[in-house]
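Predicted model, so just to flag it, every value in this text is computed and none were measured. These numbers come from the heavy atoms of this one structure, side chains and all, not from hydrogens, waters or symmetry mates. Chain identifiers are assigned alphabetically (A, B, ...) following the order of the sequence lines, protein sequences preceding nucleic acid strands; residue numbering begins at 1 within each chain.
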There are 2 protein chains.
Amino acid sequence: MAKTIAERADVVPLLAEVFREYGFDGASLSVIGERTGLGKGSLYHFFPGGKEEMAAAVLQEIDRWFEAEIYKPLREATDPRAAIDGMLRAVDDYFRSGRRICLVGAFALDNVRDRFAAAVKGYFAEWRSALASALERAGCSPDLAHALAEETVVAIQGALVLARALDDTAVFARSIEATRAKLAAAIDHKH
Amino acid sequence: MAKTIAERADVVPLLAEVFREYGFDGASLSVIGERTGLGKGSLYHFFPGGKEEMAAAVLQEIDRWFEAEIYKPLREATDPRAAIDGMLRAVDDYFRSGRRICLVGAFALDNVRDRFAAAVKGYFAEWRSALASALERAGCSPDLAHALAEETVVAIQGALVLARALDDTAVFARSIEATRAKLAAAIDHKH
DNA sequence: TAAACTATGGAACGATCGGTACAATAGAGG
DNA sequence: CCTCTATTGTACCGATCGTTCCATAGTTTA
């Protein structure tokens with residue numbers, strides 16, 4: 001196939017960054033054009049549905065990434081404890097220690113939430129259930145596993161908000177570390 | 001003075017609700033006009049600075065409310081433990097058990113963050129420090145008090161994100177309850 | 001090489017944006 | 001009743017929004 005000038009798959013990560021930076025409404029076609037280096041013709045060629053399809057593609061790519069790098073290991077790893085540590089490391093990396101925003105979380109608070117409600121809900125529901133699965137396999141009771149998983153996702157999202165608001169990545173680092181310690185303690189005591 | 005037809009103070013809460021619902025960019029002057037019942041003439045009479053001044057007034061009103069209802073009691077109450085319980089009750093009430101958004105948190109994730117950076121940062125910094133003050137007076141060490149305060153604010157913000165994303169107020173309720181239990185335990189053990 | 005398909009840039013469209021100007025109106029004080 | 005100022009509705013502005021459309025350049029297939 002050699003060298004197509006641009007592929008839809010190449011554009012999606014750029015779109016993700018633009019939406020993260022400007023939000024859905026703030027990401028105008030003009031800035032999208034600048035950042036992707038594509039004209040409107042190309043953008044509408046790849047995404048006939050316009051901005052909505054672009055955002056949907058971004059959310060799908062995010063879901064694909066989390067499924068492969070986070071959820072699947074949590075659900076399937078033979079060593080659930082290592083998988084949980086791996087998740088926290090991957091999360092710290094993915095969100096750049098709090099410098100990067102969670103686009104799905106931002107959408108949840110935005111007025112576009114209703115438009116992408118299914119994707120937003122699925123993202124968090126999957127995360128919570130995958131983590132709960134790992135915790136159960138690590139010895140936690142179903143109730144405790146579910147509670148801990150929910151608290152963990154809550155802490156990550158809250159830490160992203162606070163780190164961004166206070167412009168202080170240390171907030172995120174502390175929250176991840178506290179979460180890690182709490183999960184480790186729960187697993188050790190094996191309630 | 002008697003009966004002026006409308007007061008700036010009457011409009012601010014309506015503006016707050018509009019910004020919560022539509023975000024800063026999404027809150028167009030036309031929907032603001034609808035929801036407040038005011039024409040552009042009146043709006044620009046009360047807020048010569050336009051939307052930016054409207055949002056600033058809303059943030060100031062939010063700060064005023066939290067200062068009076070949350071921060072001050074935390075800092076000054078003779079019974080800090082009761083003040084903390086009161087805070088959690090007030091928070092649950094204010095955010096309507098997770099149905100209502102934290103506008104400041106939403107701004108923090110939005111692209112308007114830079115414009116209101118000072119107000120956003122102040123909001124969270126004050127909250128954290130006021131809560132830490134109460135925890136210290138309840139017997140916690142300064143380090144522990146600061147850590148617990150930060151974790152609490154993180155949990156509240158994260159719970160708002162998740163509750164909204166999953167469209168499930170139970171998430172918020174559980175998070176508040178878990179936070180309450182954790183703070184109570186920390187105070188009882190008096191590290 | 002000719003035809004067919006993909007990719008690209010940019011002009012143009014109607015709609016709506018935030019903001020301004022201004023004339024009409026309403027109450028309050030004399 | 002008149003005057004004055006505060007308040008309000010509305011017409012309008014330039015800019016920008018998302019989208020459509022089309023001519024054309026590039027690539028693949030016949």
Side-chain angles (χ1 to χ4, degrees), chain A residues 1-59 103 106-107 110-116 119, chain B residues 1-59 103 106-107 110-116 119:
Chain A
M1 53 113 60
K3 38 143 56 175
T4 33
I5 302 170
E7 294 251 6
R8 195 181 131 123
D10 302 329
V11 185
V12 174
L14 299 173
L15 289 175
E17 227 48 49
V18 175
F19 281 128
R20 252 185 261 275
E21 236 175 87
Y22 295 89
F24 183 78
D25 287 326
S28 68
L29 265 277
S30 69
V31 327
I32 291 175
E34 280 179 24
R35 296 281 291 262
T36 59
L38 263 49
K40 299 184 180 183
S42 303
L43 288 170
Y44 272 84
H45 175 69
F46 291 128
F47 308 94
K51 272 178 75 174
E52 182 131 358
E53 187 173 343
M54 299 179 205
V58 166
L59 289 177
L103 185 62
F107 274 19
D110 199 276
N111 62 321
V112 298
R113 180 190 67 140
D114 296 341
R115 263 196 276 192
F116 304 104
Chain B
M1 40 105 83
K3 37 141 60 176
T4 33
I5 301 170
E7 294 252 5
R8 196 181 130 122
D10 302 328
V11 185
V12 173
L14 299 174
L15 289 175
E17 226 49 47
V18 175
F19 282 127
R20 253 184 260 272
E21 234 173 272
Y22 294 88
F24 183 78
D25 286 327
S28 68
L29 284 186
S30 68
V31 328
I32 292 176
E34 280 179 23
R35 297 281 291 262
T36 59
L38 263 50
K40 292 187 181 185
S42 304
L43 288 170
Y44 273 84
H45 175 70
F46 292 127
F47 308 95
K51 271 178 76 174
E52 183 130 357
E53 187 173 342
M54 297 181 208
V58 166
L59 289 176
L103 185 63
F107 273 20
D110 198 275
N111 62 323
V112 298
R113 180 191 67 138
D114 296 340
R115 261 196 277 193
F116 304 103

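- Look at A:H45 and you won't find any side-chain N or O under 4.0 angstrom from OP1 or OP2 of C:dT8.
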Could you go step by step and tell me if B:L38 and B:L14 meet the side-chain contact (heavy atoms from CB on, under 4.5 Å) rule?
CA-CA 11 Å; B:L38 263 50; B:L14 299 174; over 6 Å; no
Evaluation steps, side-chain contact (heavy atoms from CB on, under 4.5 Å), between A:Y44 and A:L29
CA-CA 10 Å; A:Y44 272 84; A:L29 265 277; 3.7 Å; yes
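- To the nearest 0.5 Å, atom OG1 of residue B:T36 and atom CG of residue B:L43 are 4.5 Å apart.
- The separation between A:F47 atom CZ and D:dT19 atom P is 13 Å, rounded to whole Å.
- Annotation: side chain of B:F107 is not in contact with side chain of B:R115 (no heavy-atom distance under 4.5 Å).
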Contact string for nucleotides 17-22 of chain C, one letter per nucleotide 5' to 3', B = base within protein heavy-atom range under 4.0 Å, S = sugar-phosphate only, - = neither, reads SBBB--
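- Residues passing the salt bridge (Lys or Arg N to Asp or Glu O under 4.0 Å) test with A:E21 are A:R35, sequence neighbours excluded.
- Atom CD1 in A:I32 sits about 12 Å away from atom C1' in D:dC17, given to the nearest Å.
- The aromatic rings of A:F24 and A:F19 sit parallel, their planes meeting at an angle under 30°, below the 60° perpendicular limit.
- The distance from atom CZ of A:F46 to atom P of D:dT19 is 17 Å, rounded to the nearest whole Å.
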